[in-house]
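I have placed the structure first, in the form of structure tokens, so that the comments after it can refer back to it.
In this text the structure is predicted, and so the values were computed from the model without any measurement. Proteins get letters first, then strands, A, B, ... in listed order; numbering begins at 1 in each. Both backbone and side-chain heavy atoms feed into the values below; hydrogens, waters and symmetry mates do not.
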Protein chains: 2
Amino acid sequence: MNNDTNEVRREQPGVAEAAAGPDWKPVSRSSTYELVIDAVEEQIMTGSLGVGDPLPAERDLATKLGVSRASVREALRVLDSLGVVRSSGGSGRGAGTFIAAMPSAALTRFLRLHVALTNFSIDDVTETRIQLERSSAILAATRADKDALAEVNAQLAMMDTPGISLETFNDADTAFHVAIAQAAGNQLFSDLTGAIRTSLRKSIFSSFSRVDDQQALMAKLQSQHHGIMDAITTGRAEEAAALTEEHIRFAASRLPGLSDT
Amino acid sequence: MNNDTNEVRREQPGVAEAAAGPDWKPVSRSSTYELVIDAVEEQIMTGSLGVGDPLPAERDLATKLGVSRASVREALRVLDSLGVVRSSGGSGRGAGTFIAAMPSAALTRFLRLHVALTNFSIDDVTETRIQLERSSAILAATRADKDALAEVNAQLAMMDTPGISLETFNDADTAFHVAIAQAAGNQLFSDLTGAIRTSLRKSIFSSFSRVDDQQALMAKLQSQHHGIMDAITTGRAEEAAALTEEHIRFAASRLPGLSDT
DNA sequence: GGCCTTTGTGAGGTCAGACCATTAATCTGA
DNA sequence: TCAGATTAATGGTCTGACCTCACAAAGGCC
């Protein structure tokens with residue numbers, strides 16, 4: 001951990017250079033695999049490729065683009081890790097690489113790594129979660145989609161199971177919050193909410209194990225869950241938001257090491 | 001765009017299987033490159049690797065892990081695209097692969113691709129942006145960090161330049177909003193805000209070109225910017241938030257094709 | 001001695017080609 | 001007709017080679 005002279009922190013995205021003078025363009029010098037990504041991305045941007053569509057076989061794509069298969073694979077791996085592409089071996093129908101749409105895992109890994117690198121503090125992440133979930137609660141209370149709320153209730157019931165294990169409780173807890181976001185009808189809310197919870201899963205879990213009376217804490221959290229759900233079901237949007245914020249702040253304050261303060 | 005039978009959508013993260021019975025674990029069957037990523041990630045999680053630290057040379061790492069260099073490279077490419085690692089050639093000081101911390105570009109590409117794939121609707125993204133920026137405005141008004149606010153003012157002044165080009169205005173606009181998030185002191189807010197704006201850059205730009213009186217719209221937006229900044233500077237937090245939300249909704253409504261409604 | 005040039009070395013970047021594992025489609029024979 | 005064997009196409013992995021680049025050390029010039 002020798003935080004030495006390497007200046008590798010904090011590029012700003014899309015920020016115009018405030019300085020005047022001859023603004024030299026950075027002359028990107030993209031690497032080969034970046035060019036392959038760009039080629040695929042362009043097809044996506046222009047609508048030539050959509051979810052479910054197949055990409056050419058790696059060997060074909062390499063030939064078409066005039067690069068080696070290794071470079072194509074590096075590009076596809078990146079797109080795969082972003083949840084944009086899915087590959088499977090074999091032959092015939094279903095074999096090959098396809099455009100996919102699985103952003104959750106990618107978001108989760110991204111957050112998990114950058115939180116571990118202390119790029120994003122846990123407080124920052126928690127604050128983001130609060131804002132998202134406040135909004136989710138309001139939207140969920142307003143729209144009141146019955147099917148979506150049923151899923152929330154299912155998770156609530158799961159957590160009501162007597163003698164439930166900490167792990168099961170925690171997973172149902174995550175699912176509960178994600179289900180509310182889902183009920184709000186905003187996919188980005190829901191994916192971000194899930195990613196934040198999942199990326200903190202280990203920390204939450206180990207933090208929970210250090211709590212004195214785990215059953216009491218779980219009971220308290222669960223009673224808050226019921227309060228939130230009541231407010232959502234009866235359409236008290238602002239109250240649902242307030243209870244959600246209170247709930248998250250309460251949990252953060254009770255789990256040692258999860259909060260910087 | 002043949003959205004056929006491929007079931008590649010919407011995995012849920014960390015959601016416990018509600019079903020009972022013998023719950024078979026998916027027996028991950030991780031690929032080699034995933035194992036390499038895991039190996040690096042573990043070093044990061046345990047704190048053995050932090051920002052600025054060097055990784056072993058690709059060839060060394062391949063030997064140590066007992067895999068081929070190709071697999072190591074695929075893993076490093078993924079970490080690179082996530083902004084977790086930075087590589088440079090050459091020799092001696094500064095050569096090799098290092099742990100880095102550059103999440104913005106990764107977030108931007110992620111959002112850009114998934115928005116293009118209509119995984120996240122523009123409305124979803126805009127709503128997220130509103131919630132984040134409301135919060136940023138409140139925090140910025142409360143904390144009132146002079147240095148940070150100076151940057152906001154710099155961008156404001158840039159946009160006041162007479163006869164400014166659409167492109168310059170748009171970039172300064174992005175920088176303005178990012179600077180406010182920065183002033184809020186939440187890195188995730190600021191990176192997300194920047195990523196959202198940047199990932200929509202092309203759409204915003206082409207949308208703007210179809211507006212009748214561009215100068216009038218820019219003037220209107222800029223007057224809203226001034227209003228927001230006034231509220232922040234004088235510590236009227238709630239008003240700053242309200243003006244920010246109004247500003248974003250106004251812009252979305254005026255840019256054809258940016259809003260689904 | 002001090003500065004410049006040359007050479008060496010080690011790192012990532014790219015490529016070509018081979019082989020393996022898996023799977024669907026096809027062929028073959030009872 | 002149908003079960004089994006074969007084939008072909010695809011991603012997965014590995015090997016080893018060569019390139020470029022940038023610093024570092026050695027050497028040569030003043």
Given the structure, check if the side chain of B:Arg73 and the base of C:dG12 hold any donor-acceptor pair shorter than 3.5 Å. no
Counting distance only, does the side-chain N/O of B:Asn170 pair as donor-acceptor with the main-chain N or O of B:Glu167 below 3.5 Å? no
Taken to the nearest whole Å, CG/A:Leu55 to P/D:dG11 is 9 Å
Out of C:dG12, C:dC15, C:dA24, which nucleotide sits closest to the side chain of A:Val67? C:dC15
Do the side-chain N or O atoms of B:Thr97 get closer than 4.0 angstrom to the phosphate oxygens (OP1, OP2) of C:dG12? yes
Stepwise salt bridge (charged side-chain N to carboxylate O under 4.0 Å, His left out) check, B:Glu34 with A:Arg109: CA-CA 12 Å; B:Glu34 285 280 1; A:Arg109 177 184 290 169; 2.9 Å; yes
Ignoring hydrogens and angles, answer whether the base of C:dG13 and the side-chain atoms of B:Arg69 contain a donor-acceptor pair closer than 3.5 Å. yes
Any idea which of C:dT14, D:dC14, D:dC23 is nearest the B:Arg77 side chain? C:dT14
A:Glu58 CD to C:dG17 P, in whole Å, measures 17 Å
Atom pair distance, as rounded to whole Å: CD in B:Glu34 and C1' in D:dG11: 15 Å
By nearest atom, which of the nucleotides D:dG11, D:dA8, C:dG13 is closest to the A:Ser91 side chain? D:dA8
Under 4.0 Å between a side-chain N or O of A:Ser88 and OP1 or OP2 of C:dT22? no
In whole angstroms, the gap separating C1' of D:dC14 from OH of B:Tyr33 amounts to 17 Å
When you check the phosphate oxygens OP1 and OP2 of C:dT14, does a side-chain N or O of A:Thr32 lie under 4.0 Å from one of them? yes
If the test is side chain to side chain donor-acceptor pair (under 3.5 Å), which one of B:Thr118, B:Asp123, B:Asp124 qualifies with B:Ser121? B:Asp124
Could you work out which one of C:dA11, D:dG11, C:dC15 sits closest to the side chain of A:Ser71? C:dC15
Could you give the CZ-to-C1' distance, from B:Arg93 to D:dA22, as a whole number of Å? 10 Å
Short question: side chain of B:Thr63, backbone of B:Arg59 - any donor-acceptor pair under 3.5 Å? yes
If the cut-off is 4.0 Å, is B:Ser68 near the phosphate of D:dC14, judged by side-chain N/O to OP1 or OP2? yes
Does the D:dG11 base have a donor-acceptor partner in the side chain of A:Arg59 within less than 3.5 Å? yes
Whole-Å gap separating C1' (C:dG10) and CG (B:Leu61): 16 Å
Identify, between B:Gly96 and A:Glu74, the residue whose nearest nucleotide on DNA chain C lies closer to the 5' end. B:Gly96
Looking at the side chain of B:Ala70, which of D:dT10, D:dG12, D:dT15 is the nearest nucleotide? D:dT15
Consider only side-chain N and O atoms of A:Ser190 and A:Thr193, and report whether a donor and an acceptor are under 3.5 Å apart. no
